[in-house]
Protein chains: 2
Amino acid sequence: MESMPFNVMDHNCPSRVVLQRIGDKWTPLIFQALKGGARRFGEIRQTVDGVSPKVLTQSLRALERDGLVTREVFAEVPVRVEYALTALGESLLEPLDAVRIWAEAHAARILAARDAYDESSLRAEELTTA
Amino acid sequence: MESMPFNVMDHNCPSRVVLQRIGDKWTPLIFQALKGGARRFGEIRQTVDGVSPKVLTQSLRALERDGLVTREVFAEVPVRVEYALTALGESLLEPLDAVRIWAEAHAARILAARDAYDESSLRAEELTTA
DNA sequence: CCGTATCCAGCTCGATACTG
DNA sequence: CAGTATCGAGCTGGATACGG
């Protein structure tokens with residue numbers, strides 16, 4: 001019985017914690033990188049583009065902590081470390097993709113709205129200043 | 001032609017901006033509050049529970065700026081201000097719900113994984129200290 | 001190769017008090 | 001009623017250098 005034990009609107013609702021993991025700056029990117037199977041640290045770092053090693057480690061650890069990603073260390077020289085989505089992580093892929101696709105589809109419109117908004121509030125400011 | 005002009009993996013990809021709006025601390029809560037139609041500032045504040053007026057205003061303005069929410073001021077005494085989802089905002093409801101439902105369904109498992117992880121890393125720390 | 005250590009800038013969130 | 005002003009604490013993200 002795992003369905004609906006929590007409600008987002010509750011004060012300290014656990015699902016809010018989960019939502020914030022998802023909304024994390026790098027989480028969607030990492031999920032994209034891991035979509036096709038296990039990847040090495042360096043591969044992820046290149047794919048994600050621009051993330052510092054510290055921050056990438058932080059994000060991956062957080063994901064591992066939540067049981068969404070596994071971390072496997074191979075005792076070779078040089079060391080090889082592979083990350084992969086768990087079953088739970090895979091199950092998140094679908095709803096996450098829904099949001100990502102929406103975002104990709106509407107990003108242009110949103111950025112345009114943002115520009116228009118900034119421009120009009122800029123004009124308003126000029127009026128009060130004058 | 002509004003589909004797929006952007007890719008999340010790009011360095012300064014606009015859809016990342018959108019994803020982060022969605023991942024914002026209060027956005028999902030506000031969307032829940034606005035789901036059933038227009039709401040007044042005070043109503044939203046009560047529904048969302050625990051948000052300070054300043055932060056709620058910030059979040060609502062950001063959503064308005066992105067064209068996801070409208071803000072309507074009624075010249076009454078006392079003033080009434082109503083917020084509502086735009087068509088664009090409504091269209092986000094579905095993918096957002098998908099994530100929210102996933103989060104509500106798996107929050108318990110994730111929090112358990114988190115506890116287990118913290119406990120085992122605590123034991124590891126005790127070993128190195130000893 | 002895969003990280004950690006250090007240090008720091010900037011932003012987010014918040015409490016509180018006050019105004020049109 | 002619906003905000004804004006102010007101040008501040010804390011966290012996030014980042015550059016850089018070094019360690020196992």
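Residue numbering restarts at 1 for every chain, and letters A, B, ... go by the order of the sequence lines.
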A:Gln20: which residues meet the side-chain hydrogen bond (donor to acceptor under 3.5 Å, both in side chains) condition with it, sequence neighbours left out? none
Interatomic distance, A:Lys54 NZ vs C:dC7 P [rounded to whole Å]: 12 Å
What is the distance from CD of B:Gln58 to P of C:dA15, rounded to the nearest Å? 13 Å
For B:Arg65, all residues meeting side-chain hydrogen bond (donor to acceptor under 3.5 Å, both in side chains), sequence neighbours excluded: A:Asp118
Minimum-distance pair of heavy atoms, taken over all atoms of A:Pro95 and B:Val99: O-CG2, 3.5 Å
Rounded at 0.5 Å granularity, tell me how far CG in A:Leu63 sits from CG in A:Asp24. 8.0 Å
Among C:dG14, C:dG3, C:dT6, find the nucleotide with the atom closest to the side chain of B:Val55. C:dG14
Sorted by chain and residue number, the salt bridge (charged side-chain N to carboxylate O under 4.0 Å, His left out) partners of A:Lys35 (sequence neighbours excluded) come out as A:Asp97
Got a sec, which pairs hit side-chain hydrogen bond (donor to acceptor under 3.5 Å, both in side chains) with one end in residues 84-94 of chain B, sequence neighbours left out? A:Trp102-B:Ser91
Once salt bridge (charged side-chain N to carboxylate O under 4.0 Å, His left out) is applied, do any residues pair with B:Arg61, and if so which ones, sequence neighbours excluded? B:Glu64
Contacting residues from residues 59-81 of chain A, given that a heavy atom lies under 4.0 angstrom of DNA chain D: A:Val79
Looking only at non-hydrogen atoms, find the nearest pair between A:Ile22 and A:Thr27 and report the distance. O-CB, 4.1 Å
5'-most to 3'-most nt of DNA chain D touching chain B (<4.0 Å, heavy-atom partner on protein side) reads D:dC1 to D:dT6
Give me the residues of residues 37-46 of chain B where at least one heavy atom lies under 4.0 Å from an atom of DNA chain D, by number, or none. B:Arg40, B:Phe41, B:Gly42
So how far off straight is the helix from C:dC1-D:dG20 to C:dG20-D:dC1, going by the axes through five pairs at either end, to 10°? 50°
Contacts of A:Trp26 that satisfy ring pair (Phe, Tyr, Trp, His ring centres under 6.0 Å) - sequence neighbours left out: none
Give me each pair satisfying ring pair (Phe, Tyr, Trp, His ring centres under 6.0 Å) with a member in residues 37-88 of chain A, each pair once, sequence neighbours excluded. none
Tell me every residue that passes salt bridge (charged side-chain N to carboxylate O under 4.0 Å, His left out) with A:Glu119, counting only those two or more places apart in sequence or in another chain. A:Arg123
Heavy-atom side-chain contact between B:Arg21 and B:Asp66 under 4.5 Å: yes
For B:Ile30 and B:Ser59 the tightest heavy-atom approach is CD1-CB, 3.6 Å
